[in-house]
Participant: 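Below you'll find the structure I mean.
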Amino acid sequence: MPRLKSPSISPHFDVIVVGSGAAGLYAALCLPTHLRVALVTKNTINMGSSNYAQGGIAAAVDPSDNPFLHLEDTLKAGVGLCDYEAVKFMVENAAEAIAHLVEMGVAFDRKGEKLAMTLEAAHSRPRVLHSADTTGRAIIDTLVAKVLESPNIQVISHAVALNLWLTPQKDLVQGISLLHKSKIQWLKCSVVVLATGGGGQIFAQTTNPAVSTGDGTAIAWRAGAVLRDLEFFQFHPTALSKPGAPHFLISEAVRGEGAHLIDEKGYRFAFDYHPAGELAPRDVVSRAIFHHLHKTSSDPTHAHVYLDLRPIEPERIRYRFPNIINVCQQWGIDVFQEPIPVSPAAHYWMGGVACDLMSQTSIRGLYAIGETASTGVHGANRLASNSLLECLVFAAQLSHIEIEPNLVAPDSDISQVNSDWNSEMEQIEAIRQMLPSLMWESAGISRQAELLNQALYQVNRWRDSLASLDIVKFLDNLLPNEMIELNSTNAEQQLRITAETLNLLDMGYLILKSAISRAESRGGHYRSDYPKTSNDWNLHTLVQGDRLLNSPTKINSDNSKINTVAVEA
Ligand SMILES: Cc1cc2nc3c(=O)[nH]c(=O)nc-3n(C[C@H](O)[C@H](O)[C@H](O)COP(=O)(O)OP(=O)(O)OC[C@H]3O[C@@H](n4cnc5c(N)ncnc54)[C@H](O)[C@@H]3O)c2cc1C
């Protein structure tokens, strides 16, 4: 690698926030304004699951409701694995977060003067605030506008965070490496906040956008952070199922407003599986569809059921779901005349980087928020509309952050790399294509040991086969503080695909390992060979490096080492 002449000083920030969804944007705004903040995001600033959110945001702000009821509903949905303190903290701080959004200008729908609320599955009260069916967009547009006018925040878009930069003792964060504008750069800072969203792209059928490749979770894992409960993935029951169309989400709120789930023959089957019918928890409704299709269809993998909006007043549909009407229309479906074909899709990752109430991970200087984090509020299953709330409440904790001084990095060398990785890309792209189908078939809605083990074997073979490629070695051997210029934008794209594929493979590997270890069914994790929930499994699954522990203890809020008792799996 030839050395170029003048090394430039590494950019230096106090805090680097990775990801510009609701969590990352709100964190950047809540950080003390005297701090120099970089907001790094791998696409445009508004691209992420947050922008896709339709149904709304849960908060017990109506006089007929209270945080205790919200807490009870959340704990129930989480099937014994919620962290009580984390849930209590979230529901008690919901009103303040909502008030802040309203003050910043988010236009929630109103009923007269009051904020309008809708009922969603497994909530005991109507408590979901919304802005038609584009609540996420309303929140993101407001937060983006505020971020862009904040002089202490520098937005770096179309930049992919690759890895963390730690001290040689690996106990303190120093910065991150970034793929940006045909360069790999190391940015120095005292604090990194991972807010990279979820990992729905691990599965072939997902409501998540293309950016949701589990990057933050993978980055934290490689750095040695503790991850928690990765086997828990929520499968949303009703994503549009039409050949060629994306798995566009048909919001829970549609069922909340009275839509019926019917099969090919018009039969309303959900009550056969749960007394709450369409409004049972998401995992129950997803499994009801899965089992019903396996009972009634000769090709259940490609079959679908229908969501019939016709029981709802047309005026109400027009007022509440203009975006769903539009998208369905684009795919030739008139929701006023015919039911929408739907099937389940991977939607929300309950597991993530283990954090305490301050959003601090097990590595000093490393924070995780939003879907990347495992704060403990979702347990084994997320209650609808709690995730946007979690993003805000835990991002706001960064307002209390105290920065340890981080010495300015020495000047970096600039190297130029002549990349010739074309011949290796076919193999990487093939694995990128095959992995999501393998994960969907083995670790999707219904799991069992044999398929999980076969999938783990295959994923490990793929990981081994990629490890010997030059492009992977190049990524593995990047040295902190070395700036590298790539010789083409093609090389940048190739590195991005490779980095994302490696992240997906690492996370696929950990989801499979965690799912194999949990010999029971609970929340988003259903094992057909262990269909019951077992009290013996009232345990979290903790992963650190290749170690997997099932533990009843939680991460210590003083950031000391986690206490794991328990069973090594
Ligand atoms: C279709 C849909 C509908 C939903 N509806 C609701 C709802 O109504 N209510 C609710 O509470 N929840 C809902 N959810 C869930 C909720 O939207 C998400 O959990 C939440 O928005 C996650 O926010 P986030 O900030 O953690 O991540 P995201 O909003 O996904 O943002 C992640 C950000 O990280 C960036 N990024 C990722 N990797 C990198 C990298 N390596 N380098 C740099 N940047 C990176 C992305 O570009 C993006 O900016 C919905 C989810 C989906 C997919």
Side-chain angles (χ1 to χ4, degrees), residues 16-28 38-59 118 120 128-131 133-140 143-144 155-163 176-180 192-201 206-219 234 236 238-240 246-253 256 282 323-324 327 345-350 352 368-373 375 377-378 382-392 394-395 496 499-500 503:
I16 297 174
V17 180
V18 186
S20 60
L25 291 164
Y26 199 61
L39 182 65
V40 170
T41 186
K42 74 176 173 182
N43 201 286
T44 52
I45 190 168
N46 56 1
M47 174 51 73
S49 288
S50 303
N51 205 24
Y52 283 33
Q54 303 176 357
I57 177 165
T118 197
E120 282 191 352
V128 177
L129 286 78
H130 46 84
S131 181
D133 56 353
T134 47
T135 310
R137 199 184 305 160
I139 294 173
I140 292 301
L143 297 180
V144 165
V155 177
I156 308 173
S157 49
H158 298 286
V160 183
L162 297 174
N163 272 316
I176 57 166
S177 54
L178 206 62
L179 177 63
H180 178 50
V192 170
V193 182
L194 294 172
T196 58
Q201 292 294 327
T206 181
T207 60
N208 288 191
V211 292
S212 304
T213 48
D215 295 3
T217 322
I219 289 170
Q234 186 174 81
H236 198 288
T238 55
L240 177 64
H247 296 285
F248 173 76
L249 181 87
I250 311 296
S251 164
E252 191 103 55
R282 278 182 188 172
N323 194 39
I324 291 176
V327 173
H347 184 56
Y348 184 86
W349 201 0
M350 275 73 73
I369 49 174
E371 200 167 331
T372 304
T375 57
V377 298
H378 306 302
R382 174 187 69 124
L383 184 66
S385 291
N386 266 355
S387 40
L388 285 173
L389 180 63
E390 180 200 28
C391 284
L392 301 176
F394 288 90
R496 179 179 172 150
E500 288 184 345
N503 290 340

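As the structure lists them, so they are numbered: ligands from 1, and atoms in each ligand from 1.
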Participant: For Gly55, counting its heavy atoms only, list the atoms of ligand 1 lying under 4.0 Å from any of them.
Facilitator: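 Under 4.0 Å from Gly55, ligand 1 has these atoms: 8 (O).
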Participant: Taking only heavy atoms of Gly370 into account, list the atoms of ligand 1 that are under 4.0 Å away from them.
Facilitator: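 Those of ligand 1 that fall under 4.0 Å from Gly370 are 26 (O).
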Participant: With heavy atoms only and a cut-off of under 4.0 Å, state how Arg382 meets ligand 1: side chain, backbone, both or neither.
Facilitator: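 Side chain only.
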Participant: Please name the pair of heavy atoms, one in Leu143 and one in Ala22, separated by the smallest distance, quoted to 0.1 Å.
Facilitator: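 It is CD1-O, 4.0 Å.
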Participant: Return the residue, atom name and 0.1 Å-rounded distance of the protein heavy atom closest to atom 3 (C) of ligand 1.
Facilitator: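 For this ligand atom, the closest protein heavy atom is Leu249 CD2, 3.4 Å.
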Participant: Within a distance under 4.0 Å of any heavy atom of Tyr348, pick out the atoms of ligand 1 and give their elements.
Facilitator: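 Numbered from 1, ligand 1 contributes 19 (O).
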Participant: Checking side-chain hydrogen bond (donor to acceptor under 3.5 Å, both in side chains) between Thr196 and each of Thr41, Asp215, Thr372, Thr217, which is the one that passes?
Facilitator: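 Single pass found, and it is Thr372.
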Participant: Considering heavy atoms of the protein only, find what lies nearest to atom 35 (C) of ligand 1 and give residue, atom and distance to 0.1 Å.
Facilitator: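 The closest heavy atom on the protein side is Gly19 CA, 3.6 Å.
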Participant: Write out the residue and atom name of the closest protein heavy atom to atom 45 (C) of ligand 1, then the distance separating them to 0.1 Å.
Facilitator: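 Ranked first by proximity to atom 45 (C) of ligand 1 is Lys42 CG, 3.7 Å.
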Participant: Which heavy atom of the protein is the closest neighbour of atom 27 (O) of ligand 1, given with residue, atom name and distance?
Facilitator: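 For atom 27 (O) of ligand 1, the nearest protein heavy atom is Gly197 CA, 3.2 Å.
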Participant: Which heavy atom of Ala239 sits nearest to which heavy atom of His247, and what is that distance?
Facilitator: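 Of all heavy-atom pairs spanning Ala239 and His247, the closest is CB-O, 3.8 Å.
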Participant: Looking at His180 and Ala159, what are the two nearest heavy atoms and their distance?
Facilitator: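 So the minimum-distance heavy-atom pair works out to ND1-CB, 3.7 Å.
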Participant: With a heavy-atom distance limit of 4.0 Å, tell me whether Ser385 approaches ligand 1 through its side chain, its backbone, both, or neither.
Facilitator: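 Both backbone and side chain of Ser385 come within 4.0 Å of ligand 1.
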Participant: Can His347 be said to touch ligand 1, with heavy atoms closer than 4.0 Å?
Facilitator: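 Contact present.
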Participant: When you look for heavy atoms under 4.0 Å from ligand 1, do you find them on the side chain of Ala159, its backbone, both, or neither?
Facilitator: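 Contact part for Ala159 vs ligand 1: backbone (N, CA, C, O).
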Participant: Look at the side chain of Asn43 and the backbone N and O of Ser157, then say whether any donor-acceptor pair between them is shorter than 3.5 Å.
Facilitator: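 No: the side chain of Asn43 does not pair with the backbone of Ser157.
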Participant: Heavy-atom contacts with Ala161 under 4.0 Å: which atoms of ligand 1 show up? List them by number with element.
Facilitator: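 The list of qualifying atoms is 40 (C), 41 (N), 42 (N), 43 (C).
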Participant: Between Asp215, Thr41, Thr213, which one has a non-hydrogen atom sitting closest to atom 47 (O) of ligand 1?
Facilitator: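 Heavy atom nearest to atom 47 (O) of ligand 1 belongs to Thr41.
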Participant: Could you tell me the residue and atom name of the protein heavy atom closest to atom 25 (O) of ligand 1, and the distance to it rounded to 0.1 Å?
Facilitator: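 Checked against all protein heavy atoms, atom 25 (O) of ligand 1 sits closest to Ala23 N, 3.0 Å.
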Participant: Within the structure, is a non-hydrogen atom of Ala22 found at a distance of less than 4.0 Å from ligand 1?
Facilitator: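 Under 4.0 Å: yes for Ala22.
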Participant: At less than 4.0 angstrom from any non-hydrogen atom of Gln54, what atoms of ligand 1 do you find?
Facilitator: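 It comes down to these atoms of ligand 1: 5 (N), 8 (O).
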Participant: Has the side chain of Thr213 got a donor or acceptor atom that lies under 3.5 Å from a matching backbone atom of Gln201?
Facilitator: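 Not a single qualifying donor-acceptor pair exists.
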Participant: Should Val128 and Ser385 count as side-chain neighbours, where that means a heavy-atom distance under 4.5 Å?
Facilitator: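 Counting from C-beta outward, Val128 and Ser385 do come under 4.5 Å.
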Participant: If you measure every N or O of Met47 against every N or O of ligand 1, does any of those distances drop under 3.5 Å?
Facilitator: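 Yes - when backbone and side-chain N and O of Met47 are compared with those of ligand 1, one distance drops under 3.5 Å.
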Participant: Should you measure from each heavy atom of Val18, which atoms of ligand 1 turn up under 4.0 Å away?
Facilitator: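 Those qualifying, in numeric order: 42 (N), 43 (C), 44 (N).
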Participant: So which protein heavy atom does atom 26 (O) of ligand 1 come closest to, and at what separation?
Facilitator: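 Checked against all protein heavy atoms, atom 26 (O) of ligand 1 sits closest to Glu371 N, 2.9 Å.
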Participant: Could you tell me the separation between the NE2 atom of His236 and the CZ atom of Arg282, rounded to the nearest 0.5 Å?
Facilitator: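 Interatomic distance, His236 NE2 to Arg282 CZ, rounded to 0.5 Å: 4.0 Å.
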Participant: If the cut-off is 4.0 Å to any non-hydrogen atom of Ala195, which atoms of ligand 1 fall inside it?
Facilitator: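 Checking each atom against Ala195, I get 32 (C), 33 (C), 34 (O).
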Participant: Please name the pair of heavy atoms, one in Leu388 and one in Ile139, separated by the smallest distance, quoted to 0.1 Å.
Facilitator: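 Minimum heavy-atom contact is CD1-CD1, 4.3 Å.
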Participant: Nearest heavy atom to atom 9 (N) of ligand 1: which of Gly56, Ser387, Ala53 does it belong to?
Facilitator: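 Looking at heavy atoms only, the winner is Gly56.
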Participant: Would you find a donor on one side and an acceptor on the other, under 3.5 Å apart, between the side chain of Thr238 and the backbone of Ile250?
Facilitator: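 Yes; judged by distance alone, with no hydrogens or angles, the pair exists.
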Participant: With a 4.0 Å cut-off on heavy atoms, does Ile57 reach ligand 1?
Facilitator: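 No, Ile57 has no heavy atoms under 4.0 Å from ligand 1.
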Participant: I'd like to check whether Ser20 has a polar contact with ligand 1, where a contact means an N/O of the residue lying under 3.5 Å from an N/O of the ligand.
Facilitator: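 Right, the criterion is met.
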Participant: In terms of residue, atom name and distance, what is the protein heavy atom nearest to atom 28 (P) of ligand 1?
Facilitator: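 Scanning the protein heavy atoms, the shortest distance from atom 28 (P) of ligand 1 goes to Ser49 N, 3.6 Å.
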Participant: Is the shortest heavy-atom distance from the side chain of Ile57 to the side chain of Leu392 under 4.5 Å?
Facilitator: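 The answer is yes; the side chains approach within 4.5 Å.
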Participant: May I have the step-by-step check of side chain to side chain donor-acceptor pair (under 3.5 Å) for Glu371 and Ser49, ending in yes or no?
Facilitator: CA-CA 9 Å; Glu371 200 167 331; Ser49 288; 4.6 Å; no
Participant: Among Asp133, Asn46, Thr196, Val160, whose heavy atom sits nearest atom 37 (C) of ligand 1?
Facilitator: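 It is Thr196 that holds the nearest heavy atom.
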Participant: Would you say Asn323's side chain and Thr134's backbone share a donor-acceptor pair under 3.5 angstrom?
Facilitator: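 Pair absent, no side-chain N/O of Asn323 close to backbone of Thr134.
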Participant: Which pair of heavy atoms, one from Ala23 and one from Ala395, lies closest together, and at what distance?
Facilitator: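 In terms of heavy atoms, the two residues are closest at O-CB, 3.5 Å.
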Participant: I would like to know whether Thr135 and His130 meet side chain to side chain donor-acceptor pair (under 3.5 Å); could you show each step before the answer?
Facilitator: CA-CA 5 Å; Thr135 310; His130 46 84; 5.8 Å; no
Participant: Given Gly21, Ser50, Gly48, identify the one with the heavy atom nearest to atom 23 (O) of ligand 1.
Facilitator: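 It is Ser50 whose heavy atom sits nearest to atom 23 (O) of ligand 1.
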